[in-house]
Colleague: 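Here it is, the structure, as structure tokens.
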Amino acid sequence: MHKQLTTQHNLESVSPSDAKKLVDSGKFVLVDVRPPDIFAKAHPEGAQSAPLFQSVNWSKPDFKKYLRAVAFMANGVTPVEENTEFLEDLRKASNGKGVILMCEAGGTTKPSPNFAAGKASRSLKASWKALKAGGMPVKHMTGGVYGWYTAELPFYGTYDKSNLGRTPNAAVEPKGQYYEEAQKALEQKRQQEMK
């Protein structure tokens, strides 16, 4: 997915400060793909909500859904399922403008020692869906809501600091010796694939 996002679809990842400039230009809108209850508590000022996932609908019995939910809860994660209305929600949120998609930490399309193809995230998954559907300019915000918050940009509500140091650090821009080695290894792999 990451390779297709960057090479086939030319997805551009922008910093929180660059995202604010694009929003201020009137050509883009910030779209938060986190669940609506989390969005309602705190989000970058002016952001719209188009959740990629939603709370599990327990009214429709499904054995696989129950197993999946048990696995999520056993790992301390709130069970969610795909929001089948995501693309429609995104179109409404965009109001005819381009979208800059963000989640909690943002993920990255750049390789690192732990993630040779980049670090997946909800906002990158949402970018993939939006780009495949077409119809609007799409950008991805690095660092996510956490990055916006730490950049001290305008914010609505009180940011939940209980997750600081957990997810956001996994998406920090990679650099240094290990990053350079991962870059070389990834390039060698790409060259082998092209042969």
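No hydrogens, no waters, no symmetry mates; every other heavy atom, side chains included, goes into these values.
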Colleague: Do Phe86 and Val80 sit in the same hydrophobic cluster, where Ile, Leu, Val, Met, Phe, Trp and Tyr count as joined when their side-chain heavy atoms come under 4.5 Å apart?
Modeller: yes
Colleague: Would you say that Asn83 contacts Phe53 through its side chain, given a criterion of any heavy-atom pair below 4.5 Å between the two side chains?
Modeller: no
Colleague: Could you see if Leu124 belongs to whatever hydrophobic cluster contains Leu87? Use Ile, Leu, Val, Met, Phe, Trp, Tyr and a side-chain cutoff under 4.5 Å.
Modeller: yes
Colleague: Do Thr142 and Met102 touch side chain to side chain, with heavy atoms closer than 4.5 Å?
Modeller: no
Colleague: Check the orientation of Phe155 and Tyr159. Use parallel for under 30°, tilted for 30 to 60°, and perpendicular for over 60°.
Modeller: perpendicular
Colleague: Cluster question for you: counting only ILVMFWY and a side-chain heavy-atom cut-off of under 4.5 Å, with indirect links fine, are Val33 and Val56 together?
Modeller: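 Result: no, two separate clusters.
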Colleague: Given side chains that start at C-beta, do those of Arg68 and Pro79 come closer than 4.5 Å, heavy atoms only?
Modeller: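 No. Closest side-chain heavy atoms not under 4.5 Å.
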Colleague: Please check if atom OH in Tyr156 has more than 12 non-hydrogen atoms from other residues, nucleotides or ligands closer than 6.0 Å.
Modeller: no
Colleague: Do the side-chain N and O atoms of His140 and Ser127 include a donor-acceptor pair separated by under 3.5 angstrom?
Modeller: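 Looking only at side-chain atoms, Ser127 and His140 do not form any donor-acceptor pair under 3.5 Å.
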Colleague: Evaluate side-chain contact (heavy atoms from CB on, under 4.5 Å) for Asp160 paired with Lys41, printing each intermediate quantity in order.
Modeller: CA-CA 9 Å; Asp160 178 6; Lys41 291 177 186 171; over 6 Å; no
Colleague: Could you grab the distance from atom CG of Leu131 to atom CG of Leu11, nearest 0.5 Å is fine?
Modeller: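 Rounded to the nearest 0.5 Å, the CG-CG separation comes out at 5.5 Å.
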Colleague: Taking all non-hydrogen atoms of both residues into account, name the closest pair between Trp148 and Pro154 and its distance.
Modeller: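 Smallest interatomic distance, heavy atoms only, reads NE1-O, 2.7 Å.
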Colleague: Can you name the nearest heavy-atom pair linking Val31 to Ala93, along with the distance?
Modeller: CG2-CB, 4.2 Å
Colleague: Is any NZ, NE, NH1 or NH2 atom of the basic residue among Asp62 and Lys64 found under 4.0 Å from an Asp or Glu carboxylate oxygen of the other?
Modeller: no
Colleague: Work out which heavy atom in Ser94 is nearest to a heavy atom in Val29; give both atom names and the distance.
Modeller: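 Here Ser94 and Val29 meet closest at CA-CG1, 3.7 Å.
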Colleague: Identify the two heavy atoms, one from Cys103 and one from Ser121, that lie closest to each other, and give their separation to 0.1 Å.
Modeller: SG-CB, 3.8 Å
Colleague: Could you report the tightest heavy-atom contact between Glu104 and Arg34, atom names first, then the distance?
Modeller: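 Taking every non-hydrogen atom into account, OE1-NH1, 3.0 Å.
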Colleague: Report yes if the side chains of Val99 and Pro137 come closer than 4.5 Å at any heavy-atom pair, otherwise no.
Modeller: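 Not in contact.
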Colleague: In Å and rounded to the nearest 0.5 Å, what is the CE to CG distance from Met136 to Leu90?
Modeller: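 It is 4.5 Å, given to the nearest 0.5 Å.
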Colleague: I need the Asp37 CG to Ser55 OG distance, nearest 0.5 Å.
Modeller: 5.5 Å
Colleague: Within this structure, what is the CG-OG distance for the pair Asp18 and Ser13, rounded to the nearest 0.5 Å?
Modeller: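 That separation rounds to 11.5 Å.
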Colleague: In plain terms, say whether Lys20 and Asp24 are close enough for a salt bridge, that is, a side-chain N and a carboxylate O under 4.0 Å apart.
Modeller: yes
Colleague: Is the shortest side-chain N to carboxylate O distance from Glu85 to Arg91 below 4.0 Å?
Modeller: no
Colleague: Would you please test Met141 and Leu30 for side-chain contact (heavy atoms from CB on, under 4.5 Å) and show each step?
Modeller: CA-CA 9 Å; Met141 190 172 82; Leu30 276 177; 4.2 Å; yes
Colleague: State, with a plain yes or no, whether a side-chain heavy atom of Lys125 is found less than 4.5 Å away from one of Leu52.
Modeller: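 Sidechains of Leu52 and Lys125: in contact.
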Colleague: Between Lys129 and Glu82, does the side-chain contact (heavy atoms from CB on, under 4.5 Å) criterion hold? Intermediate values first, please.
Modeller: CA-CA 12 Å; Lys129 283 187 167 209; Glu82 185 177 344; 2.2 Å; yes
Colleague: Between Ala47 and Phe39, which heavy-atom pair has the shortest distance, and what is it?
Modeller: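 Shortest heavy-atom contact: O-CZ, 3.4 Å.
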Colleague: Heavy atoms, side chains only, cut-off 4.5 Å: are Glu81 and Asn57 in contact?
Modeller: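 When only atoms from C-beta onward are counted, Asn57 and Glu81 do touch, with a gap below 4.5 Å.
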